[in-house]
Amino acid sequence: FPSLDVHLQDCKARTMCGSHSRGSALRIGVFGPAADVQCRAVAREAAALGADTLFIEPDALDRGLPLSMLDGRTLYLGEPVDDVRGFYLRGIPAPYAPSLERDGELVLYEDWFTTFMHTRERASYYVAWLLQLAHRGVTLVNGPHAASVMQYKPFQLHALRSLGARVPRTLISNDPAAIRAFHAEVKDVIFKPIMGGAVTRVLEGEALGRLEDVTASPVIFQERIPGADLRVMLVGEEIVSSVAIETPEQHLDFRADPVYSGGGASYREVPLPEPIQRFCREAARACGLTFAGIDIKHQGDDWVFLELNSSPIYLDVELKLGHPISRAIARCVVEGARP
Ligand code: ADP
Ligand code: MG
Ligand code: MG
């Protein structure tokens with residue numbers, strides 16, 4: 001995005017050198033990679049609102065950069081950062097066990113345990129640091145329990161259902177007998193992991209023959225819902241964007257379309273009826289999300305909620321339709337950061 005990059009260079013120059021002396025200018029924080037296009041877009045919009053941006057990069061600890069909590073104060077790269085009263089959180093790195101490919105198979109790296117334990121400590125440090133910021137009244141978009149590490153689809157479905165929003169008939173289970181019974185009753189069934197990270201698939205053929213595999217960890221099974229895939233962007237109380245994602249071919253999961261993964265998706269604006277907007281706001285609140293990317297299946301009068309994403313990718317919609325999502329996030333963080 002060349003034109004965006006020019007703006008960003010300006011913004012970076014302001015952010016790093018700053019025409020204001022440090023300590024007097026309003027600063028917001030971005031907990032995310034300085035090279036991430038969404039983080040940069042938010043920083044650019046914050047600059048337009050008169051705030052400088054301090055990036056704290058989530059891989060700082062992997063790189064051994066100094067980050068300390070000293071008697072309740074935070075020092076990053078040796079400098080105090082406690083003046084920062086608002087953060088945009090792009091994502092907290094999750095613990096992982098490193099693997100490598102050997103003879104075409106993925107195997108654990110010999111020293112995986114050490115790396116795994118380090119990544120676990122780092123994740124715990126970040127979450128605890130962010131929790132104490134939230135506790136001190138710092139604005140976090142979104143808070144640490146919502147900003148990745150873990151995703152809680154089963155809780156989101158519960159929250160949506162208890163608000164009265166329509167969700168697919170759902171079984172979340174590691175019990176092959178329960179899954180067979182659900183499939184016999186519902187018939188057209190899809191499955192997907194609790195944590196995401198895999199394309200949704202139809203429960204049929206080979207998958208039906210491998211149900212014993214799920215005893216190791218529960219999987220989400222759902223009635224298959226027809227209709228368009230909507231993505232709603234909610235920031236605070238405002239629905240900033242609401243679009244149907246359109247790909248040339250029909251897929252169960254639109255991300256399976258090569259045109260989508262190649263950046264060629266197009267979007268059609270879909271206005272939401274007031275009750276559906278209310279479900280979006282109330283569900284986000286119940287899930288502790290100030291900023292949410294909400295997935296809905298839509299056909300006619302039927303609006304069926306699938307999930308709420310706490311750190312959704314949105315820049316493609318922003319650039320193609322001009323929906324001011326980065327601006328809304330920046331406004332929320334900057335307003336929250338003001339004394
Ligand atoms: P993820 O976190 O992986 O995005 P989603 O629940 O949003 O999880 O599922 C991904 C996509 O799969 C959805 O956007 C939709 O296209 C499709 N999908 C998921 N659940 C269903 C369902 N019950 N019926 C029809 N399509 C579904
Ligand atoms: Mg989704
Ligand atoms: Mg998701």
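Values below: every heavy atom of this structure, side chains too, minus hydrogens, waters and symmetry copies. Indexing begins at 1, ligand by ligand and atom by atom, following the structure's order.
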Ile225, portion touching ligand 1 at heavy-atom distance under 4.0 Å | both
Does ligand 1 have a heavy atom under 4.0 Å from the side chain of Lys192, from its backbone, from both, or from neither?
-> side chain
Please identify each residue that fulfils ring-ring contact (aromatic ring centres under 6.0 Å, His included) with Phe87, with sequence neighbours left out.
-> Trp129
Contacts of His298 meeting ring-ring contact (aromatic ring centres under 6.0 Å, His included) (sequence neighbours excluded), chain-then-number -> Trp303
min-distance protein heavy atom vs atom 17 (C) of ligand 1 -> Leu252 O, 3.4 Å
Are the charged groups of Arg210 and Glu204 less than 4.0 angstrom apart, N to O?
-> no
Pair Asp82 + Arg73: basic N to acidic O under 4.0 Å | no
Besides Val304, the hydrophobic cluster formed by Ile, Leu, Val, Met, Phe, Trp and Tyr side chains linked at under 4.5 Å, directly or via other members, contains Ile225
Is Arg224 in polar range of ligand 1, meaning some N or O pair under 3.5 Å apart?
-> no
Residue and atom names of protein N/O/S atoms that fall under 2.8 Å from the Mg ion (ligand 2) | Asp295 OD2, Glu307 OE2
Residue among Gln38, Arg40, Arg44, Glu318 satisfying side-chain hydrogen bond (donor to acceptor under 3.5 Å, both in side chains) with Ser326 = Glu318
Just go through Leu306, Leu308, Ile294, Asp229 and tell me whose heavy atom is the nearest to atom 27 (C) of ligand 1.
-> Leu306
